[in-house]
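Take a look at the structure below.
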Amino acid sequence: IAFGKTEEQMELTSKEEILNLAAEVVQLPIYFAMPERHKLAETISRAQRLFGVKYVIVDQIDQAVRNIGANKEVAISDTMRDLKKLTESLPVSMLVVSHIRKLMPGEKISMDALKGSNSLSTDPETVVLIDREHDESSDAWSDWIEVRVAKNKGKMARKKFDINDATGVITDTYDDF
């Protein structure tokens, strides 16, 4: 949407053009806010109206519902429902970050591991899981991360990327699509 292309057109876009588009995105302004849960929708609406904000990142959903005396699962569910309604009424796309529960050794990340509420897997249009294996015996992390689309209205996929711990640079060297 942001680049005037459909999902199908983006799939046909060359790697060079995607890198050029990414360079444009890096130049966009970033606005920060830390509203309380009951002011989240109002803050996003105001940012969209005043600054033309098109993308919102809620990092992370647990922080948005902190210090609410009610049941945390209910608060997350209510917040997810409110955010979904907001994206349907405003021209904004939203990324909501959520952490997972502690996995058992050898257990793979899945939507069941999302911590907080079932609404984290049922309400979003897309759920992307990012995983990096950890060897408990050597306390070493793998030199790659896996990005898996676990839920999507469109095409499902997964991809591995190399990661350099020293620099934090993530490189697309695996050809697994």
Side-chain angles (χ1 to χ4, degrees), residues 1-13 18 21-22 24-103 107-132 145-159 161 170 177:
I1 294 171
F3 302 113
K5 293 179 179 259
T6 65
E7 183 177 347
E8 292 80 22
Q9 290 169 328
M10 284 302 290
E11 288 178 10
L12 299 174
T13 303
I18 288 184
L21 293 172
E24 288 179 35
V25 169
V26 170
Q27 301 303 316
L28 296 174
I30 297 175
Y31 305 95
F32 291 92
M34 293 182 61
E36 294 178 17
R37 159 53 185 115
H38 67 280
K39 293 185 178 181
L40 187 59
E42 176 188 337
T43 301
I44 294 169
S45 295
R46 184 178 302 142
Q48 196 284 319
R49 188 177 65 251
L50 295 176
F51 304 114
V53 169
K54 295 179 183 177
Y55 307 99
V56 175
I57 300 173
V58 178
D59 185 10
Q60 55 128 326
I61 192 69
D62 285 350
Q63 293 299 315
V65 299
R66 70 186 179 283
N67 300 328
I68 293 180
N71 180 321
K72 190 173 186 177
E73 284 189 27
V74 172
I76 289 174
S77 181
D78 290 348
T79 303
M80 291 298 292
R81 185 183 60 250
D82 291 349
L83 292 175
K84 185 169 185 170
K85 284 181 190 175
L86 193 62
T87 60
E88 292 169 350
S89 66
L90 293 175
V92 297
S93 295
M94 194 162 311
L95 171 70
V96 177
V97 177
S98 177
H99 291 269
I100 60 169
R101 64 173 167 73
K102 186 164 177 74
L103 299 175
E107 182 181 4
K108 289 284 193 184
I109 188 173
S110 70
M111 291 205 315
D112 292 335
L114 293 173
K115 183 172 67 173
S117 171
N118 287 337
S119 65
L120 293 170
S121 60
T122 57
D123 288 348
E125 299 291 317
T126 304
V127 176
V128 177
L129 302 173
I130 301 174
D131 192 16
R132 187 171 184 198
I145 61 171
E146 181 178 59
V147 178
R148 184 165 42 93
V149 179
K151 175 186 174 183
N152 191 14
K153 297 285 181 167
K155 182 179 173 182
M156 304 290 275
R158 86 176 200 182
K159 180 113 181 104
F161 297 88
I170 298 173
F177 265 134

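What's counted below: heavy atoms across the whole structure, side chains too, no hydrogens, waters or symmetry copies.
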Is it the case that atom CD1 in Ile57 sees more than 12 heavy atoms from other parts of the structure closer than 6.0 Å? no
Examine distances only and state if a side-chain atom of Thr79 and a backbone atom of Ala75 form a donor-acceptor pair shorter than 3.5 Å. yes
Answer yes or no: is there a side-chain heavy-atom contact under 4.5 Å between Arg46 and Lys39? no
Test of understanding: with salt bridge (Lys or Arg N to Asp or Glu O under 4.0 Å), list the residues that count as partners of Asp78, not counting sequence neighbours. Arg81
Euclidean distance, Met111 CE relative to Asn118 CG, rounded to 0.5 Å: 10.0 Å
How close do Val53 and Gln48 get, counting heavy atoms only, and between which atoms? O-CG, 3.2 Å
Distance col, row Ser110:OG vs Leu103:CG, nearest 0.5 angstrom, shows 7.5 Å
Closest approach of Ser121 to Pro124 (non-hydrogen atoms, all atoms of both residues): C-CD, 4.0 Å
For Arg148 and Asp131: C-alpha separation, side-chain torsions, deciding distance, then whether side chain to side chain contact (heavy atoms under 4.5 Å, CB included) applies. CA-CA 8 Å; Arg148 184 165 42 93; Asp131 192 16; over 6 Å; no
Run the side chain to side chain contact (heavy atoms under 4.5 Å, CB included) test on Leu83 and Ile44 for me, step by step, so that the C-alpha distance in whole Å, both residues' side-chain angles and the decisive distance to 0.1 Å come before the verdict. CA-CA 9 Å; Leu83 292 175; Ile44 294 169; 3.9 Å; yes
Taking all atoms of both residues into account, what is the closest heavy-atom pair of Ser77 and Asp123, and its distance? O-OD2, 4.2 Å
Mind checking whether Leu129 and Ile100 have side chains closer than 4.5 Å, heavy atoms only? no
Shortest non-hydrogen contact between Ser98 and Leu120, atoms and distance: OG-CD1, 3.4 Å
Pairwise distance CE(Met34) to CG(Asp59) - rounded to 0.5 angstrom: 10.0 Å
Sidechain-backbone polar pair: Gln60 side chain, Asp62 backbone, donor-acceptor under 3.5 Å: yes
Neighbour count >12 (heavy atoms, 6.0 Å) for atom CG, Asp82: yes
Run the side chain to side chain contact (heavy atoms under 4.5 Å, CB included) test on Glu125 and Thr87 for me, step by step, so that the C-alpha distance in whole Å, both residues' side-chain angles and the decisive distance to 0.1 Å come before the verdict. CA-CA 11 Å; Glu125 299 291 317; Thr87 60; over 6 Å; no
Euclidean distance, Arg101 CZ relative to Ile109 CD1, rounded to 0.5 Å: 9.5 Å
